[in-house]
Amino acid sequence: MKKVALFPGSFDPFTKGHEDIVLRGLKIFDEIIIAIGFNSQKKRYFDLDMMLEKINSCFVGYDNIRVDKYSELTATYANNHGAQYLLRGLRNTTDFEYENSIAMVNKDLYNGLETVFLITSPKFAFISSTIIREVHNYGGDVSKYIPYTL
Ligand code: ADP
């Protein structure tokens, strides 16, 4: 059976750290769905559809990567789209604490939905969407941290 992983996230914005997780994930999975989770009540910093296009532009030529957006339970989305795995990245113990509990609840919701974690590549360990938003908001150059041009 084809191994399909869902890489869910806010991706506000998608970073080189995220791209690295996807590309490394391709060594494990046959197909990866990158899905931007959104909540119509929560305002994003970068426009959702703009980000979807930017992410798509990073993976032109990869027929095993799809990009989508969703506003339901991540586990439900995975189940409805044939993903048997969730792919997530880990940078530090703060990520671990958070990821640990979501992985458990996702497995509880859909028995068999396994979360696979890839440890960040050291050169991207300090990159976070929050820091990029902050730098960008104050007019700083974020081009080094993102795999596309804004
Ligand atoms: P969420 O809002 O769901 O946490 P994010 O877009 O912030 O979504 O992150 C999506 C996933 O990517 C998370 O598992 C996060 O830990 C991981 N991630 C974020 N930045 C990096 C990075 N620099 N290196 C590795 N993983 C990362």
Side-chain angles (χ1 to χ4, degrees), residues 3-29 31-59 62 64-81 83-110 113-138 140-150:
K3 286 195 167 75
V4 182
L6 171 65
F7 183 37
S10 313
F11 306 126
D12 190 19
F14 189 81
T15 71
K16 284 193 177 171
H18 294 134
E19 178 192 45
D20 177 62
I21 296 292
V22 173
L23 295 176
R24 288 164 57 208
L26 278 186
K27 294 183 193 148
I28 307 173
F29 302 110
E31 195 180 316
I32 295 180
I33 307 169
I34 305 167
I36 311 179
F38 71 98
N39 174 342
S40 48
Q41 253 84 351
K42 263 203 205 155
K43 238 183 107 48
R44 291 175 58 92
Y45 181 86
F46 292 101
D47 181 73
L48 178 68
D49 292 307
M50 182 272 268
M51 194 46 60
L52 201 134
E53 270 179 39
K54 295 292 183 192
I55 301 173
N56 258 320
S57 75
C58 299
F59 301 106
Y62 286 86
N64 48 357
I65 295 179
R66 269 188 291 149
V67 189
D68 197 5
K69 57 185 176 182
Y70 72 103
S71 63
E72 62 201 303
L73 265 178
T74 301
T76 306
Y77 180 93
N79 201 251
N80 291 341
H81 290 79
Q84 312 97 324
Y85 304 91
L86 295 179
L87 174 63
R88 297 284 286 179
L90 286 178
R91 283 162 296 187
N92 46 44
T93 54
T94 314
D95 274 356
F96 175 79
E97 294 294 338
Y98 176 64
E99 297 289 342
N100 190 27
S101 45
I102 358 179
M104 282 189 223
V105 79
N106 281 329
K107 188 155 188 195
D108 201 44
L109 289 169
Y110 284 99
L113 184 58
E114 294 285 357
T115 304
V116 173
F117 296 100
L118 293 183
I119 299 286
T120 184
S121 299
K123 61 179 181 219
F124 299 129
F126 69 95
I127 299 179
S128 77
S129 298
T130 311
I131 288 175
I132 293 179
R133 288 196 300 271
E134 192 88 346
V135 172
H136 187 269
N137 191 233
Y138 288 101
D141 178 17
V142 297
S143 58
K144 276 190 298 211
Y145 312 129
I146 54 176
Y148 46 84
T149 48
L150 275 174

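Just follow the structure's listing: the first ligand is 1, and inside any ligand the first atom is 1.
Side-chain contact between Y62 and V22 is absent, with no heavy atoms from C-beta onward closer than 4.5 Å.
Residue-level contacts of ligand 1 at the 4.0 Å heavy-atom threshold are F7, P8, G9, S10, F11, G17, H18, I21, R88, G89, R91, D95, E99, T120, F124, I127.
If you check the side chains of S121 and R24, you find a donor sitting under 3.5 Å from an acceptor.
With sequence neighbours excluded, the residues that form a salt bridge (charged side-chain N to carboxylate O under 4.0 Å, His left out) with E99 are R88. Legend: residues meeting side-chain contact (heavy atoms from CB on, under 4.5 Å) with R133, ordered by chain and number and at least two apart, are D12, P13, Y45, F46, S129, T130. D49 is linked by a salt bridge (charged side-chain N to carboxylate O under 4.0 Å, His left out) to K69, counting only residues two or more places apart in sequence or in another chain.
Interatomic distance, CG of D108 versus OG of S101, reported as 12.5 Å (0.5 Å rounding).
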